[in-house]
A.B. asks: 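For reference, the structure I am asking about is given below.
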There are 2 protein chains.
Amino acid sequence: MIVVMETKQLQFAKALADKNRLKIMTQLCCVWLSVNDLVEQLGVEQSTVSHHLKTLKAAELVLVRQEGKHRYYTLNQEQLTLCCGMLVQSFAPDYAATIVPVSSIQEASGD
Amino acid sequence: MIVVMETKQLQFAKALADKNRLKIMTQLCCVWLSVNDLVEQLGVEQSTVSHHLKTLKAAELVLVRQEGKHRYYTLNQEQLTLCCGMLVQSFAPDYAATIVPVSSIQEASGD
DNA sequence: TTGACATATCGACCAATATCGATATGATTG
DNA sequence: CAATCATATCGATATTGGTCGATATGTCAA
């Protein structure tokens, strides 16, 4: 269980640890964008954007929806919140109890 | 302001994005350890541990205290909590209001 | 000051990964 | 089916960053 969390935390941190991926996440917050939309806004090659999206997808930080020839991505706010809560639980136990009631998030994510 | 946060978030994510640094953080949670203590527990060279501690220090994720010839490190739980709150505010606005009251953390950190 | 110990820094090497260009896969339309 | 557009994957290259060994800096005791 703890090992699983450590792996998840590493994957989460690595997913965030790139300038362009953070930019992508910023762009994808609260909206659905196609890969080409992101290509235009970031100014890097399409293959690069796809590569980053794959990394974010592996970390479950983005959701995908196919529509016609387009694939629309958006940020997975719930997963991000869970990961942050996990970090606080692991590394800030003095704050975890009062600040981040992760249990309530987990309840809300029952699917 | 937003630019500053993005830089901070990148630094935070990069600081966490290494297996050995996560191990160090785990070891330093709630306790003060010397560099040599960490060297023994991680099984890597002292120079490597110092290098990681420098990275964590730059991200303000550890606190240092000199005592005799030893330097004792511990995890900065408050900073970690702030960074996580910042991430949720930036990338999970739908959750930020109800789950992570960052303002209360900032109040508690007034110095 | 000298010696011993603890930690930080430096230089070199190597592994991981970001990027690009080219190509393959997949979806839609005619 | 062929043509076109959108995205994913692949191979090569460049850059970043982790690691080590050696050395420098700093601290304390004799």
Side-chain angles (χ1 to χ4, degrees), chain A residues 6-28 31-76 83, chain B residues 6-28 31-76 83:
Chain A
E6 284 174 358
T7 302
K8 188 68 188 173
Q9 288 165 352
L10 185 58
Q11 184 186 43
F12 174 62
K14 284 190 174 183
L16 298 185
D18 178 83
K19 206 174 191 176
N20 280 331
R21 276 198 296 275
L22 281 184
K23 281 189 191 173
I24 288 175
M25 290 174 61
T26 300
Q27 301 291 343
L28 292 182
V31 295
W32 293 83
L33 295 180
S34 71
V35 178
N36 274 337
D37 292 338
L38 292 168
V39 169
E40 288 174 21
Q41 301 194 28
L42 289 187
V44 295
E45 291 303 312
Q46 174 264 316
S47 59
T48 300
V49 172
S50 280
H51 170 69
H52 287 314
L53 287 171
K54 188 177 182 180
T55 301
L56 292 171
K57 186 76 175 60
E60 300 176 88
L61 286 173
V62 292
L63 303 173
V64 200
R65 171 167 60 88
Q66 182 100 24
E67 194 161 314
K69 351 180 156 180
H70 297 266
R71 300 187 78 169
Y72 292 97
Y73 287 84
T74 195
L75 198 55
N76 185 350
C83 287
Chain B
E6 284 175 357
T7 303
K8 189 69 189 173
Q9 288 164 352
L10 185 59
Q11 184 185 42
F12 175 61
K14 284 190 174 185
L16 298 185
D18 177 80
K19 206 174 191 177
N20 281 331
R21 276 198 297 275
L22 282 183
K23 281 189 192 175
I24 288 174
M25 290 174 60
T26 301
Q27 301 291 344
L28 292 183
V31 294
W32 293 82
L33 295 179
S34 71
V35 178
N36 274 337
D37 291 339
L38 291 168
V39 169
E40 289 174 20
Q41 299 193 28
L42 288 187
V44 295
E45 290 302 313
Q46 175 264 316
S47 59
T48 301
V49 171
S50 281
H51 171 68
H52 287 314
L53 287 171
K54 188 177 182 179
T55 301
L56 292 171
K57 186 77 176 59
E60 301 176 88
L61 285 173
V62 292
L63 303 172
V64 199
R65 171 167 60 89
Q66 182 102 24
E67 194 159 315
K69 350 180 155 180
H70 296 266
R71 300 187 77 170
Y72 292 98
Y73 287 85
T74 195
L75 199 53
N76 185 349
C83 287

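Numbers restart at 1 for each chain; the letters A, B, ... are given by sequence-line order, proteins then strands. Atoms considered below: every heavy atom in the structure, side chains included; atoms not considered: hydrogens, waters and symmetry mates.
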A.B. asks: How close or far is atom C1' of D/dT19 from atom NZ of B/Lys23, stated in whole angstroms?
C.D. replies: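 Between C1' of D/dT19 and NZ of B/Lys23: 14 Å.
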A.B. asks: Using the side chain to side chain contact (heavy atoms under 4.5 Å, CB included) criterion, which residues pair with A/Leu38? Sequence neighbours excluded.
C.D. replies: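 Testing A/Leu38 for side chain to side chain contact (heavy atoms under 4.5 Å, CB included), a comparison that skips the adjacent residues, returns A/Ile24, A/Gln27, A/Leu28, A/Leu33, A/Val49, A/Leu53.
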A.B. asks: Considering just the side-chain nitrogens and oxygens of A/Tyr73, establish if one lies under 4.0 Å of OP1 or OP2 belonging to D/dA8.
C.D. replies: yes
A.B. asks: Within the 4.5 Å heavy-atom criterion, are A/Leu56 and A/Val62 side-chain neighbours or not?
C.D. replies: yes
A.B. asks: Measuring from A/Leu16:CG to B/Leu10:CG, what's the distance to the nearest 0.5 Å?
C.D. replies: 9.5 Å
A.B. asks: Please tell me if B/Arg71 has a side-chain N or O lying less than 4.0 Å from either OP1 or OP2 of C/dA8.
C.D. replies: yes
A.B. asks: Report the distance from atom NE2 of B/His70 to atom P of D/dT27, rounded to the nearest whole Å.
C.D. replies: 14 Å
A.B. asks: Between B/Ser50 and B/Gln46, do the side chains contain an N or O donor and an N or O acceptor separated by less than 3.5 Å?
C.D. replies: yes
A.B. asks: Return a single string for nucleotides 11-24 of chain C, one symbol per nucleotide in 5' to 3' order, where B is base contact, S is sugar-phosphate-only contact and - is none, cutoff 4.0 angstrom on heavy atoms.
C.D. replies: ------SSBBBB--
A.B. asks: Within this structure, what is the CD1-to-P distance between B/Ile24 and D/dG18, rounded to whole angstrom?
C.D. replies: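 Between P of D/dG18 and CD1 of B/Ile24: 11 Å.
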A.B. asks: Tell me: CG of B/Leu16 to P of D/dG17, nearest whole Å?
C.D. replies: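 My rounded result for the distance is 14 Å.
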A.B. asks: How long is the line joining NZ of B/Lys54 and P of D/dG17, in whole Å?
C.D. replies: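 To the nearest whole Å, that distance equals 13 Å.
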A.B. asks: Can you confirm whether B/Gln9 sits close enough to B/Cys83 that some side-chain heavy atom of one is under 4.5 Å from a side-chain heavy atom of the other?
C.D. replies: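 With C-beta onward as the side chain, the pair stays apart.
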A.B. asks: Describe the nucleic acid contact of B/Tyr72 in one word from base, sugar-phosphate, nothing, applying a heavy-atom distance below 4.0 Å.
C.D. replies: nothing
A.B. asks: Nearest-Å distance, CG (B/Leu53) to P (D/dT19)?
C.D. replies: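 Atom CG in B/Leu53 sits about 12 Å away from atom P in D/dT19.
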A.B. asks: Say you draw a straight line from CD of B/Gln41 to CG of B/Asn36; how long is it, rounded to the nearest 0.5 Å?
C.D. replies: 11.5 Å
